[in-house]
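This report refers to the structure that appears directly beneath it.
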Amino acid sequence: MRRYCVRNGIPFLSLSPNSHSCFTAISVRIFSNKSISKFDCGFNINCLDDAVILFKQMVTMKPLPSVVEFSKLFKTMINMKHYSAVVSLFREMQKLGIPINVIILNIVINSYCLMHRVDCAFSVLPIYLKNGIPFTVVTFNTLLRGIFAENKVKDAVELFKKVVREKICEPNTVMYATVMNGLSKRGHTEKTLSLLRLMEQGNNTKPNIINYNIIIDALCKDGNLDVAINLMNEMKQKDIPPDIVTYNSIIDGMCKLGEWEKCKTFFSEMVNLNIYPNVQTFTILTDGLCKEGKVEEAKEVMGYMIEKGVEPNIVTYNSIMDGYCLTGQLDEARRLFDFMINKCIEPSIISYNILINGYCKKKKLPEAMQLFCEISQKGPKPSTSTYSTILQGLVDVGRIGSAKNIYAEMLSAGYIPDLYTHNILLNGYFKYGLVEEAISLFNKLEKKGENTDIEFYNVVINGLCKNGKLDEAHALFEKLFSMGLLPNVKTYTTMINGFCLQGLLDEAKDMLMKMVGNNCYPNNVTYNVMVQGFLRCSRISEMTIFMKEMTGRGFSFDASTTKLLVNIIGDKPLVLDMIPELHLKNKK
DNA sequence: ATAGGGTTAG
């Protein structure tokens with residue numbers, strides 16, 4: 001029997017079946033992301049070359065290795081992110097007439113999806129038909145994931161409906177989970193919940209713990225903890241006990257609302273149920289505390305977790321470092337950074353990004369730039385986020401020209417800007433009045449038709465409003481619905497503000513009605529924007545009524561409203577007297 | 001041998 005063997009990193013065929021250092025093709029052990037110190041523990045594929053060499057050997061073997069071996073190889077290549085190479089090798093297989101099956105085709109589809117080439121993924125479908133290979137639920141599930149990854153929510157939902165309606169395949173819990181996750185991560189919590197309810201009605205697809213966890217996490221991220229906890233109780237009743245993921249989501253939601261007492265309650269509850277907090281649970285706590293500026297308490301949590309035998313990981317340290325940056329303790333952040341290195345925990349690119357961001361937020365651009373240069377010499381490879389962070393820093397100090405240069409540098413270095421990058425740039429262009437530049441970039445990006453989300457449109461709508469192009473902004477807003485993008489509270493608030501700035505109070509009020517009608521509820525910013533609109537138009541009595549509703553719901557005037565009040569009616573005590581609540585707030 | 005859930009930075 002022929003066997004594979006590796007010596008000095010070079011794989012070759014061995015005909016010695018009894019050699020201990022050799023493994024059969026079936027038991028080929030392939031390691032990708034984990035680095036392996038010894039070669040004698042199996043067949044290691046550590047780079048693309050290894051994979052290609054192995055492939056070349058495999059295709060010359062007689063008899064040919066089974067398609068299972070090819071699948072394993074391809075999967076390993078996917079783990080190493082060599083997606084396009086998988087496609088090339090697959091083409092090679094086809095050329096050589098090597099038999100294929102549904103699994104290897106699904107893997108090819110996944111490769112295209114991971115390359116963000118859903119269009120190409122679809123072009124694989126005819127190969128199934130030509131070879132008489134039936135699609136499986138995995139085929140469509142992989143496609144759905146790919147479509148969502150390109151933010152094409154509407155297309156994904158359409159495909160899902162088509163699959164169900166035309167009974168192309170029977171959706172299973174995984175497919176529901178994929179669609180639910182795709183929807184929930186893009187703000188469609190309502191639809192995600194509807195899908196859970198739809199699953200409950202069917203006989204074959206009763207929701208499992210993963211389906212519940214997806215919607216619970218989405219609700220928690222929305223701050224809708226009441227509904228999340230109701231669902232958790234529902235799970236318990238249905239004999240699907242919540243697990244560590246469920247509790248971590250709930251605790252994260254509670255932390256972000258600053259509900260520390262409830263955090264503790266759930267923490268105790270999970271421990272009582274023998275679900276032990278893990279490093280993620282504790283990191284949720286350190287992160288939550290740091291985000292509130294309570295870095296010292298976060299450090300106490302870290303001490304506690306170590307006491308309990310749970311080792312902090314890089315995410316934990318990063319969260320605390322970010323806490324230091326947020327509270328302006330940049331030196332402390334830098335100490336911690338060095339501490340990590342001393343503990344042999346290599347700072348990740350995220351650690352660098354946090355520190356760079358810390359400097360940028362303090363407007364210490366030279367320090368930020370220096371760190372940026374440092375990593376290009378040693379340390380982790382900069383990420384798209386690193387560039388975005390620097391861009392944001394430059395935009396914040398008004399250095400649009402430098403930002404443009406860095407952006408160009410980023411492109412020429414082969415980085416693919418993401419939504420954040422473009423949002424920062426567009427926002428910068430609009431903010432400094434480079435409207436032409438902004439619109440031209442927007443048109444270019446929109447023409448590509450992918451990688452846009454609601455935040456992207458929020459930036460553009462806001463920019464148009466602030467630059468006197470309300471009509472264009474409004475038209476874009478209306479277009480969102482036909483694109484399957486759901487305006488969020490920011491979108492509506494931006495439009496309301498746009499109307500208010502032009503004195504179009506009635507349009508602003510209509511928009512407020514519209515958002516509530518679409519199950520999107522005004523937040524503090526929305527209320528403040530409305531109040532400022534009323535103020536600017538001196539519609540004080542309407543404002544008073546509106547304000548009663550606002551304070552009744554627990555919202556209050558923010559700094560910008562107070563400032564406007566001082567400017568407009570600061571010396572008119574008579575008007576102030578008409579607004580008793582405000583009087584109270586100002587005295588506080 | 002292929003597809004699904006929770007933590008960090010912009």
Side-chain angles (χ1 to χ4, degrees), chain A residues 26 28 30 66-76 78 101-111 113 136-146 148 172-182 184-185 207-218 220-221 242-253 255-256 278-288 290-291 312-323 325-326 348-358 360-361 383-393 395-396 417-421 423-424:
Chain A
I26 303 299
V28 159
I30 294 167
S66 79
V67 65
V68 175
E69 302 315 315
F70 286 101
S71 314
K72 279 182 187 168
L73 175 63
F74 284 4
K75 177 60 183 162
T76 306
I78 286 183
N101 69 358
V102 64
I103 292 177
I104 206 135
L105 285 174
N106 289 346
I107 292 174
V108 173
I109 286 195
N110 196 26
S111 302
C113 288
T136 63
V137 62
V138 178
T139 314
F140 289 100
N141 203 26
T142 308
L143 280 170
L144 284 167
R145 222 175 115 79
F148 274 121
N172 60 11
T173 53
V174 179
M175 187 176 266
Y176 275 100
T178 303
V179 178
M180 288 172 73
N181 196 35
S184 73
K185 292 286 185 303
N208 62 18
I209 184 145
I210 293 183
N211 301 113
Y212 273 104
N213 283 347
I214 291 169
I215 177 64
I216 287 176
D217 188 59
C220 289
K221 291 221 158 53
D243 65 2
I244 181 97
V245 176
T246 327
Y247 276 99
N248 283 352
S249 290
I250 298 267
I251 290 174
D252 186 48
C255 274
K256 297 221 155 80
N278 57 13
V279 60
Q280 279 167 291
T281 322
F282 287 111
T283 304
I284 287 166
L285 296 176
T286 58
D287 182 59
C290 285
K291 288 276 187 308
N313 63 16
I314 187 142
V315 183
T316 325
Y317 289 117
N318 283 347
S319 78
I320 295 195
M321 221 169 67
D322 196 36
C325 287
L326 191 75
S348 65
I349 186 61
I350 295 183
S351 320
Y352 277 96
N353 291 348
I354 289 170
L355 215 49
I356 291 174
N357 183 46
C360 284
K361 285 286 173 301
S383 62
T384 298
S385 301
T386 317
Y387 280 98
S388 301
T389 307
I390 290 281
L391 283 176
Q392 182 75 68
V395 164
D396 284 344
D418 63 14
L419 289 168
Y420 258 109
T421 322
N423 289 355
I424 292 164

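Keep in mind the model is a prediction, meaning the values are calculated, not measured. Below, each value reflects all heavy atoms present in this structure, side chains not excepted, and no hydrogens, waters or symmetry copies. Protein chains get the first letters and strands the later ones, always in sequence-line order, with residue 1 at the start of each.
Closest approach to the A/Lys75 side chain among B/dT8, B/dT2, B/dT7 is made by B/dT2 (side chain taken as heavy atoms from C-beta onward). Listed candidates were B/dT7, B/dT2, B/dG10. Nearest to the side chain of A/Thr421 is B/dG10. Distances were taken from every side-chain heavy atom of A/Lys256 (C-beta onward) to each of B/dT2, B/dA3, B/dT8; the shortest belongs to B/dT8. Across B/dT8, B/dT7, B/dG4, the shortest atom-to-atom separation from the side chain of A/Ile350 is found for B/dT8. Checking B/dG10, B/dA3, B/dT8 against the side-chain heavy atoms of A/Val315 singles out B/dT8 as nearest. Side-chain atoms of A/Arg145 lie closest to B/dG4 of the nucleotides B/dA1, B/dG4, B/dT7. Checked against B/dA1, B/dA9, B/dT7, the side chain of A/Asn101 finds its nearest nucleotide in B/dA1. Nearest to the side chain of A/Ile424, among B/dA3, B/dT8, B/dG10, sits B/dG10. For A/Asp287, whose side chain is taken as the heavy atoms from C-beta onward, the closest listed nucleotide among B/dG10, B/dT8, B/dG4 is B/dT8. For A/Asn353, whose side chain is taken as the heavy atoms from C-beta onward, the closest listed nucleotide among B/dG4, B/dA1, B/dA9 is B/dA9.
Here A/Asn278 lies in heavy-atom contact (under 4.0 Å) with a base. Within the 4.0 angstrom heavy-atom criterion, no nucleotide atom of any strand lies near A/Ile251. The residue A/Thr173 sits close to a base: some heavy atom pair falls under 4.0 Å. When heavy atoms are screened at a 4.0 angstrom cut-off, A/Ile244 is found touching base atoms of the nucleic acid. Base engagement by A/Asn208 is indicated by at least one non-hydrogen atom pair under 4.0 Å involving a base atom. Residue A/Ile107 is classed as a sugar-phosphate contact, given heavy-atom separations below 4.0 Å to backbone atoms only. Using a 4.0 Å heavy-atom criterion, one finds that A/Thr286 contacts no nucleic acid atom at all.
Within the 4.5 Å cutoff, side-chain heavy atoms of A/Asp287 are placed close to those of A/Lys291.
We find that CD1 of A/Ile214 is positioned 15 Å from P of B/dA3, with the value rounded to whole Å. The distance from atom CG of A/Leu105 to atom C1' of B/dA1 is 13 Å, rounded to the nearest whole Å. Protein atom CG of A/Asp243 is 15 Å distant from nucleotide atom C1' of B/dT7, rounded to whole Å. Atom pair A/Leu285:CG and B/dT8:P shows a separation of 12 Å (rounding to whole Å applied). Distance OH (A/Tyr317) to P (B/dT8): 18 Å, rounded to an integer number of Å. Across the protein-nucleic acid pair, A/Ile78 atom CD1 and B/dT2 atom P stand 10 Å apart, rounded to whole Å. Summarising the geometry, the separation between CG on A/Asn313 and P on B/dA9 is reported as 14 Å, rounded to the nearest angstrom. One can place CG of A/Asn110 at 12 Å from C1' of B/dG4, the figure rounded to the nearest angstrom.
Look at A/Asn357 and you'll find a side-chain N or O under 4.0 angstrom from OP1 or OP2 of B/dG10. Put simply, A/Lys221 has a side-chain N or O that comes within less than 4.0 Å of OP1 or OP2 on B/dT7. Considering only side-chain N and O atoms, A/Lys291 lies under 4.0 angstrom from the phosphate OP1 or OP2 of B/dA9.
Proximity of a side-chain donor or acceptor of A/Asn211 to a complementary backbone N or O of A/Thr173 within less than 3.5 Å is detected. Of the possible donor and acceptor atoms, one in the side chain of A/Asn101 sits under 3.5 Å from a partner among the backbone N and O of A/Ile104.
Contact of A/Ser385 with B/dA9 (side chain to base): a donor-acceptor pair of N or O atoms is detected under 3.5 Å. For A/Thr178 against B/dG4, a side-chain-to-base donor-acceptor contact under 3.5 Å is absent. Residue-to-nucleotide contacts include a donor-acceptor pair under 3.5 Å from the side chain of A/Asp418 to the base of B/dG10. Residue A/Asn172 places no side-chain atom within donor-acceptor reach of the base of B/dG4, judged by atom type and a 3.5 Å distance cut-off alone.
Contacts of A/Thr281 classified as side-chain hydrogen bond (donor to acceptor under 3.5 Å, both in side chains), with partners at least two apart in sequence or in another chain: A/Asn248, A/Asn278. Not counting sequence neighbours, A/Asn423 has no partner by the side-chain hydrogen bond (donor to acceptor under 3.5 Å, both in side chains) test.
Between A/Ser71 and A/Ile103, the closest heavy-atom pair is OG-CG2, 4.2 Å.
For the side-chain contact (heavy atoms from CB on, under 4.5 Å) with A/Thr286, the lone residue among A/Thr316, A/Asp322, A/Asn318 that qualifies is A/Thr316.
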